Number of protein chains: 2
Amino acid sequence: MGASKTESFTDKQNATAALLKALGHPARIAIMEYLLKSNECICGDIVNELPLAQPTVSQHLKELKNAGLIKGTIDGNAICYCIDDKAIQKIKQYFDAFNVKIVKKKSCC
Amino acid sequence: MGASKTESFTDKQNATAALLKALGHPARIAIMEYLLKSNECICGDIVNELPLAQPTVSQHLKELKNAGLIKGTIDGNAICYCIDDKAIQKIKQYFDAFNVKIVKKKSCC
DNA sequence: TTTTAATATTGCAATATTACGATAAAGTGT
DNA sequence: ACACTTTATCGTAATATTGCAATATTAAAA
């Protein structure tokens with residue numbers, strides 16, 4: 001098929017998977033890390049930083065934006081992309097909670 | 001193409017992306033959450049819990065195992081799958097560090 | 001040893017993803 | 001208006017993912 005049976009899982013599970021899936025590509029990890037360390041957030045700078053063609057980078061930026069991980073604001077004829085803290089908080093909280101439960105649980109194997 | 005240009009990114013970026021990609025599917029999130037909350041870790045129980053056919057679940061388990069997120073031990077003719085803490089620690093640390101840097105950084109948009 | 005149970009693998013169809021050239025769109029500067 | 005810059009979109013080829021039926025494998029149980 002190729003299509004996930006999303007309707008069979010909870011909204012929360014689908015939402016979590018969607019966030020992590022958006023980060024599940026090295027180019028998108030590289031974009032996030034660049035936005036984190038650099039003071040530049042202009043789309044063109046990201047394109048120059050990555051070893052990918054401009055349309056490809058644009059596509060990755062779109063996916064990150066759709067997932068809520070970044071937001072873009074128009075600045076003249078350029079676009080400034082920034083990390084959206086809220087999405088990162090959500091992920092962090094998910095793994096924090098996950099970790100707490102792991103510590104409490106006895107591993108059976 | 002369909003194939004990621006992994007050779008263009010750092011090993012760390014590729015490793016991070018691979019871990020998150022493995023969790024980027026609702027069925028695999030559901031498996032991890034089941035293993036976290038349940039005392040059962042037998043493969044058959046997971047198959048019964050999920051709305052997917054046995055071969056599909058087996059495939060998802062394989063991906064989680066390849067990513068290092070779970071480990072399986074043979075128990076008679078059943079297999080017990082458990083979460084591998086180390087992988088979760090890695091992810092948690094990644095987002096903790098990410099978050100620290102976000103807080104320090106002034107968002108530009 | 002034959003049957004049964006549990007899990008993995010194979011093969012395949014449907015769909016999604018990745019990448020990029022070509023082109024469009026939208027703003028800037030002249 | 002015109003060229004120029006920046007980013008997005010379209011179209012398409014190559015590859016990957018998802019899901020399952022059928023089948024193989026492996027170990028227990030009878």
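Below, chains carry the letters A, B, ... as their sequence lines are ordered, and counting in each starts from 1. All of these numbers come straight from a predicted model, not from anything done at the bench.
- Using a 4.0 Å cut-off between a side-chain N of Lys or Arg and a carboxylate O of Asp or Glu, A/Glu49 and A/Lys37 qualify as a salt bridge.
- Taking 4.5 Å as the limit, every side-chain heavy atom of A/Ser8 sits out of range of all side-chain heavy atoms of B/Leu52.
- Side-chain atoms of B/Met32 and B/Ile88, non-hydrogen and from C-beta on, do get closer than 4.5 Å to each other.
- Of the candidate nucleotides C/dT7, C/dA19, D/dA16, C/dT7 has the atom lying nearest to any side-chain atom of B/Ile79.
- Sequence order on DNA chain D of the closest nucleotides to B/Asp75 and A/Cys80 puts A/Cys80 first from the 5' end.
- When rounded to the nearest whole Å, the span between CG of A/Asn48 and C1' of D/dT6 equals 11 Å.
- Between the C1' atom of C/dT17 and the CG atom of A/Leu61 lies a distance of 16 Å, rounded to the nearest Å.
- Nearer to the 5' terminus of DNA chain C, by closest-nucleotide assignment, is the contact made by A/Ser4 (compared with the other of A/Ser4 and A/Thr56).
- Here A/His60 does not reach the OP1 or OP2 of C/dT17: none of its side-chain N or O atoms lies under 4.0 Å away.
- The phosphate of C/dT7 (OP1 or OP2) has no side-chain N or O of B/Lys62 nearer than 4.0 angstrom.
- Proximity of B/Thr73 to B/Ile79: side-chain heavy atoms (C-beta onward) are nowhere separated by under 4.5 Å.
- Between B/Tyr81 and C/dA6, a side-chain N or O to OP1/OP2 separation shorter than 4.0 Å is absent.
- Between A/Ile83 and A/Leu64, every side-chain heavy-atom pair lies at or beyond the 4.5 Å cut-off.
- Taking atom CG of B/Leu52 as the reference point, atom P of D/dT17 lies 17 Å away to the nearest angstrom.
- If you measure from atom CG of A/Leu23 to atom P of C/dT18, you get 12 Å, rounded to the nearest angstrom.
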What nitrogen or oxygen pairs link the protein and nucleotides 22-27 of chain D at under 3.5 Å?
none

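- A/Ile46 has its CD1 atom 14 Å from the C1' atom of D/dA8, to the nearest Å.
- Look at A/Lys21 and you'll find a side-chain N or O under 4.0 angstrom from OP1 or OP2 of C/dT17.
- Taken together, B/Cys41 and B/Cys80 meet the criterion of an SG-SG distance shorter than 2.5 Å.
- D/dC10 atom P lies 11 Å from atom CD of A/Gln59, rounded to whole Å.
- Of the side-chain N and O atoms in B/His25, one or more sit less than 4.0 angstrom from OP1 or OP2 of D/dG19.
- The ring-ring contact (aromatic ring centres under 6.0 Å, His included) pairs that include a residue from residues 2-42 of chain B are B/His25-B/His60, where partners are two or more places apart or lie in different chains.
- Per the geometry, CD belonging to B/Glu63 stands 14 Å off C1' belonging to C/dA8, to the nearest Å.
- The distance from atom CD1 of A/Ile31 to atom P of C/dA19 is 10 Å, rounded to the nearest whole Å.
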